[in-house]
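Starting from 1, each residue takes its place in the sequence as its number.
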Amino acid sequence: MRQRLWLGDLDAIKLSLDARGSASIRPCIRCKNVLKKDSELTSIDDYFVEISCSDVSRFDPQSNAEIFTLIDELLAKKPVTSKTEMKNQEKLSGFNCNPDGAMACPLVRENSPPDCWMFDVMHLYYSNGVASLEVCLLLDLMKEEGFTLEMLQDLFGGTAWQRSHQSATISTTSARRHLVDPALFGGEFYKGSAKELFVLLPLLGFYLNESPMKNLPKLVLPVISFNVLLEIRLLLSDIKHGVSLDSNRLTELQQKHQAAFIAAYGGSHIRPKHHVRMHLQEQFEKTGLLIDTLPMEKKHKAWFYFISIVKFVVLRWASCPDLSL
């Protein structure tokens with residue numbers, strides 16, 4: 001049977017492979033020695049690194065066979081191991097012990113092993129990803145310096161920004177103002193769509209770099225980090241559309257950005273996606289693809305709203321069974 005590739009966000013891959021993700025000491029399915037934040041093991045043994053590590057040469061790859069061995073060992077231990085000890089074993093291995101899971105099935109192992117699961121660029125960067133987190137952190141600092149979202153809205157709306165092709169996200173004053181609507185902020189991640197964030201990044205970068213605000217002591221390091229993020233955004237787009245095939249440059253920029261981000265905001269804001277994105281180069285070199293789910297974003301949202309409506313109707317009917325549907 002022909003081998004297939006699967007594309008998904010970290011949650012989809014985690015559920016499909018029965019991986020524990022951030023609930024495990026080892027959150028990455030691709031690495032044997034990468035540990036979650038604040039792990040004490042990294043201070044005891046130099047072999048281990050945390051997800052904040054920006055040196056990809058220190059990552060020890062984990063093969064399909066090694067993952068299968070881990071899962072087989074868990075399955076063998078389950079009948080003779082207490083629930084408490086089993087949970088500890090799962091946490092250490094990075095995988096759940098699920099006899100009915102996909103990775104426990106020989107046929108699935110053969111045709112859809114773990115290295116066939118591709119990480120989605122959109123979710124790594126734009127949909128609750130690295131860029132989504134950083135833009136919120138940056139704007140929080142700008143607000144502390146007196147530069148509010150309302151001021152940004154006035155800037156965005158007052159500039160007749162034009163492109164060589166039509167783009168609904170910046171073609172009108174209201175569309176540009178919406179990109180920095182206060183309702184899209186206030187949390188850890190940007191609440192707008194991935195497409196809106198993709199457009200927001202260079203616009204924000206332009207105004208920030210043309211403003212003397214970039215020289216304020218509190219913003220110097222964050223601006224450095226943000227500018228590297230802008231380089232990554234451009235390179236990812238170029239690779240996706242075949243303009244560039246320089247995946248080595250992508251790793252260089254991602255390592256540079258990881259270090260700059262930590263220098264600007266500290267390690268407490270590092271997320272598993274900061275590490276997982278480091279695997280995009282090997283993914284591209286293996287498959288020749290660096291695609292994302294951005295074309296399906298609108299359909300995904302439509303499906304989400306449809307499910308929400310159905311759930312509301314079902315709950316209403318359950319609470320009032322006399323109602324006819």
Side-chain angles (χ1 to χ4, degrees), residues 6-15 21 117-140 149 152-153 156 161 163 165-172 174-206 208 225-243 250 253-254 257 261 269 271-280 283-284 289-308:
W6 307 90
L7 179 67
D9 64 4
L10 295 191
D11 286 337
I13 294 174
K14 180 179 72 173
L15 291 172
W117 291 81
M118 300 170 60
F119 300 118
D120 176 31
V121 175
M122 186 191 82
H123 283 90
L124 288 181
Y125 272 95
Y126 305 113
S127 182
N128 293 338
V130 172
S132 179
L133 171 66
E134 184 160 349
V135 75
C136 289
L137 292 172
L138 176 61
L139 288 173
D140 282 344
L149 290 171
L152 266 180
Q153 281 187 305
F156 280 28
W161 200 270
R163 292 182 61 171
H165 61 280
Q166 191 70 7
S167 174
T169 51
I170 63 170
S171 60
T172 65
S174 60
R176 292 192 297 275
R177 289 177 60 87
H178 174 71
L179 293 174
V180 283
D181 190 315
L184 301 180
F185 297 88
E188 189 177 21
F189 296 100
Y190 181 68
K191 298 175 184 177
S193 69
K195 184 177 181 181
E196 287 170 336
L197 180 57
F198 184 80
V199 174
L200 169 61
L201 291 178
L203 288 178
L204 180 59
F206 171 79
L208 186 60
S225 176
F226 191 73
N227 283 336
V228 181
L229 179 63
L230 293 179
E231 290 187 71
I232 293 173
R233 173 200 173 278
L234 181 59
L235 182 58
L236 284 171
S237 181
D238 285 347
I239 294 176
K240 176 182 175 180
H241 294 97
V243 177
L250 176 60
L253 286 175
Q254 290 186 139
H257 177 253
F261 179 86
H269 292 290
R271 298 292 181 269
K273 289 181 180 181
H274 282 91
H275 165 76
V276 173
R277 63 175 175 159
M278 298 294 185
H279 292 292
L280 289 177
Q283 177 174 297
F284 175 73
L289 299 171
L290 197 62
I291 58 177
D292 57 45
T293 58
L294 187 62
M296 299 296 293
E297 186 184 22
K298 286 186 177 180
K299 291 184 179 181
H300 173 75
K301 286 191 173 184
W303 178 250
F304 173 79
Y305 291 134
F306 171 74
I307 292 296
S308 299

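No side-chain heavy atom of Phe284 sits under 4.5 Å from any side-chain heavy atom of Leu250. Between His123 and Asn128 the shortest side-chain heavy-atom distance does not fall below 4.5 Å. Contact annotation: the side chain of Leu200 approaches that of Tyr190 to within less than 4.5 Å [non-hydrogen atoms, C-beta and beyond]. For the pair Leu229/Glu134, a side-chain contact is recorded, criterion being any heavy-atom separation below 4.5 Å from C-beta on. Residues Val121 and Ile291 are not in side-chain contact: their nearest non-hydrogen atoms beyond the backbone lie 4.5 Å or more apart. Between Leu294 and Phe198 the shortest side-chain heavy-atom distance does not fall below 4.5 Å. When side chains are defined from C-beta on, Val180 does not count as touching Leu204, because their heavy atoms never get closer than 4.5 Å.
The side-chain contact (heavy atoms from CB on, under 4.5 Å) test applied to Val276 returns Leu10, Phe119, Leu124, not counting sequence neighbours.
Closest of all the heavy-atom pairs between Ala12 and Gly8 is CB-CA, 4.4 Å. Contact detail for Pro202 and Arg233: the closest heavy-atom pair is CD-NE, 3.5 Å. Counting all heavy atoms, side chain and backbone alike, Phe185 lies closest to Cys136 at CD2-SG, 3.9 Å. The two residues Arg176 and Phe156 make their nearest non-hydrogen contact at NE-O, 2.8 Å. Nearest heavy-atom pair across Tyr125 and Gln254 is OH-OE1, 2.8 Å. Closest of all the heavy-atom pairs between Ala194 and Ser127 is CB-N, 4.4 Å.
Taken from NE2 in His178 to CD in Gln153, the straight-line distance is 10.0 Å, to the nearest 0.5 Å. Considering CZ of Arg277 and NE2 of His257, their distance stands at 5.5 Å, rounded to 0.5 Å. Once rounded to the nearest 0.5 Å, the distance linking CG of Leu236 with CG of Leu280 reads 7.0 Å. We find the CG-CD distance between Leu7 and Gln283 to be 7.5 Å, quoted to the nearest 0.5 Å. Residue Thr293 holds its OG1 atom at 7.5 Å from CG of Asp9, rounded to the nearest 0.5 Å. Considering CD of Glu196 and OG of Ser132, their distance stands at 11.5 Å, rounded to 0.5 Å.
A donor-acceptor pair is defined here as one N or O able to donate and one able to accept, closer than 3.5 Å; no such pair exists between the side chain of Arg271 and the backbone of Val130.
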**OP:** Report the C-alpha distance between His274 and Leu133 in whole Å, list the side-chain angles of each, state the deciding distance to 0.1 Å, and finish with yes or no for side chain to side chain contact (heavy atoms under 4.5 Å, CB included).
**Re:** CA-CA 10 Å; His274 282 91; Leu133 171 66; 3.8 Å; yes
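Of the candidates Leu235, Leu201, Leu253, Leu230 forms a side-chain contact (heavy atoms from CB on, under 4.5 Å) with just one, namely Leu201.
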